[in-house]
Each structure stands twice: as structure tokens, then as C-alpha cells.
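Notes follow the structure.
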2 protein chains.
Amino acid sequence: MKNILRALRTERGWSQAELADRLDVSRQSVNAIETGKYDPSLPLAFSIARLFGRGIEDIFDDGLDTATAAE
Amino acid sequence: MKNILRALRTERGWSQAELADRLDVSRQSVNAIETGKYDPSLPLAFSIARLFGRGIEDIFDDGLDTATAAE
DNA sequence: TTGACATGTCAAGCAGGCTTTACAAAAGAT
DNA sequence: ATCTTTTGTAAAGCCTGCTTGACATGTCAA
């Protein structure tokens with residue numbers, strides 16, 4: 001699962017530690033998610049989306065088709 | 001974390017087994033998510049949202065404020 | 001009443017998400 | 001050159017997500 005967490009974080013000038021603090025998780029968790037080692041749990045994905053004011057699908061991408069109705 | 005999975009499923013007349021099949025998970029997983037025993041992983045949440053043509057946030061609700069800008 | 005299906009739940013086991021502690025290396029500031 | 005910050009990574013351990021197999025209950029049809 002890809003994500004733009006690093007971009008959102010650096011846009012704001014935050015370190016991984018600072019982001020981890022705001023999300024109430026460990027710095028290693030932030031690093032692991034940014035480097036694609038694993039996906040966050042659904043609750044953590046909600047926290048991330050809320051912090052950045054975006055939808056979960058705007059931040060994470062599982063690569064499969066969204067199957068939008070073909071007009 | 002609350003969700004409206006059961007409503008979405010029964011709207012379509014599907015059994016838990018039928019939904020499990022479409023999501024490629026076990027029937028017990030569907031049941032556990034519907035009955036609130038645990039939250040799905042993020043990838044599974046994506047599959048569910050895709051199957052029902054909705055955003056993850058439309059189906060799951062972690063109960064915390066969405067912090068929409070106060071106009 | 002029997003059989004089929006739907007749901008709920010339990011147990012054991014494996015994989016994944018997250019923690020703490022710790023260390024190495026790169027970059028910046030002075 | 002040294003100090004500080006940032007990032008990456010590793011190991012051990014805990015809890016959660018998901019699996020299979022199994023069993024109990026309820027409903028519906030025949």
C-alpha cells in the first residue's frame with residue numbers, strides 16, 4: 001500500500017518524531033509506514049486522515065481500481 | 001469503531017458468507033467486523049469501501065471529531 | 001419432522017501492527 | 001571538529017486481525 005505521508009509531513013516541516021507525537025504513536029511506527037514496511041491499522045489511518053484534513057483514500061492507495069461508475 | 005457493514009450487506013440481500021466470498025475473507029471475519037469484535041485492516045477496509053462504492057469514512061466511524069473547518 | 005441455510009461464538013495458530021530500547025549514519029549548526 | 005537533530009533499522013514482546021474447524025441456535029421450506 002502506497003501513501004503520501006512523507007510529503008504531507010515535510011510540507012509542514014515536521015520531523016517523524018513530531019508527527020509521531022501528534023498521532024500518539026511511536027516514531028518507529030511513523031517511519032515504518034512512510035518507508036512502506038507495513039500499513040497502519042484502520043484507527044491510525046483515521047487519525048492520520050483527520051490530522052491532515054483529508055480522506056483516507058487521498059493519503060493511502062492500495063493500487064486496485066476504484067471502480068468508479070463508467071459515467 | 002462503528003460501521004454500517006451489516007446495513008450495506010442486507011440492503012443487497014447477501015449472507016455473511018456471500019459477502020465474505022466477495023471480499024475474499026472468511027465468514028468469521030465478516031461476522032466479527034459486523035458485531036464490532038475488531039476493526040478490519042486498512043487493506044480490507046479498502047476492499048469493503050470499493051465493493052460498496054463508498055468512501056471508507058462513509059462506512060466506518062471511529063467516533064472522534066472530523067475537525068471540519070468552522071466555516 | 002427433517003434438512004438446509006444463516007448467524008453467533010469458541011479455540012488454536014500464524015501474520016501483522018505497535019511498543020521500547022538501542023545503535024549507526026547523515027546533515028546542520030556553531 | 002564537535003554537538004544535535006533526523007532518519008533508518010534491529011530485536012523482543014504484546015495485542016490484534018485473520019484463518020480453519022467445529023458446534024449451537026434459529027428460521028424457513030418441504
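We name chains A, B, ... by the order of the sequence lines, and we start the count at 1 in each one. All values reported here derive from a predicted model rather than from experimental measurement.
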What's the [atom1]-[atom2] distance between [X] and [N], to the nearest Å?
X	N	atom1	atom2	answer
B/Asp39	D/dC15	CG	P	17 Å
B/Ile33	C/dT7	CD1	C1'	15 Å
B/Gln16	D/dC18	CD	P	15 Å
B/Leu44	C/dG16	CG	C1'	14 Å
B/Asp21	C/dA6	CG	C1'	14 Å
A/Lys37	D/dG8	NZ	P	9 Å
B/Leu42	D/dC18	CG	P	10 Å
B/Asp24	D/dC18	CG	C1'	12 Å

OP1, OP2 of [N] versus side-chain N and O of [X]: anything below 4.0 Å?
X	N	answer
B/Arg27	C/dT9	no
A/Ser29	C/dG17	no
A/Ser26	C/dT19	yes
B/Asn31	C/dT7	no

Could a donor-acceptor pair under 3.5 angstrom be found where the side chain of A/Gln28 meets the base of C/dT21?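 Looking at the base of C/dT21, it does pair with a donor or acceptor on the side chain of A/Gln28 (distance under 3.5 Å).
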
Answer whether the closest heavy-atom distance between the side chains of B/Leu23 and B/Ser47 falls below 4.5 Å.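 B/Leu23 reaches B/Ser47 side chain to side chain.
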
Taking for each residue the nucleotide of DNA chain C bearing the nearest heavy atom, is the 5' side occupied by B/Arg6 or by A/Val30?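 Checking each residue's closest nucleotide, the 5'-ward one belongs to B/Arg6.
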
Proximity to the side chain of [X] - top-ranked nucleotide from [options]:
X	options	answer
B/Tyr38	C/dT7, D/dT7, D/dT19	D/dT19
B/Ser15	D/dT9, C/dA6, C/dG8	C/dA6
A/Ser41	D/dT7, C/dG17, D/dG17	C/dG17

How long is the straight-line distance from CG of A/Leu51 back to CG of A/Asp24, given to the nearest 0.5 Å?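 If I round to the nearest 0.5 Å, the distance is 11.5 Å.
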
Which one of A/Asp39, A/Asn3, A/Ile4 satisfies the side-chain contact (heavy atoms from CB on, under 4.5 Å) criterion with A/Phe60?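 The single option meeting the side-chain contact (heavy atoms from CB on, under 4.5 Å) with A/Phe60 is A/Asn3.
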
Identified side-chain contact (heavy atoms from CB on, under 4.5 Å) partner of B/Val25 from the options B/Ile48, B/Leu19, B/Leu44: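 Running side-chain contact (heavy atoms from CB on, under 4.5 Å) over B/Ile48, B/Leu19, B/Leu44 with B/Val25 returns exactly one hit, B/Leu44.
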
Which atoms form the tightest heavy-atom contact between B/Ala45 and A/Leu42, and what is the distance?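 That closest heavy-atom pairing would be CB-CD1, 3.9 Å.
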
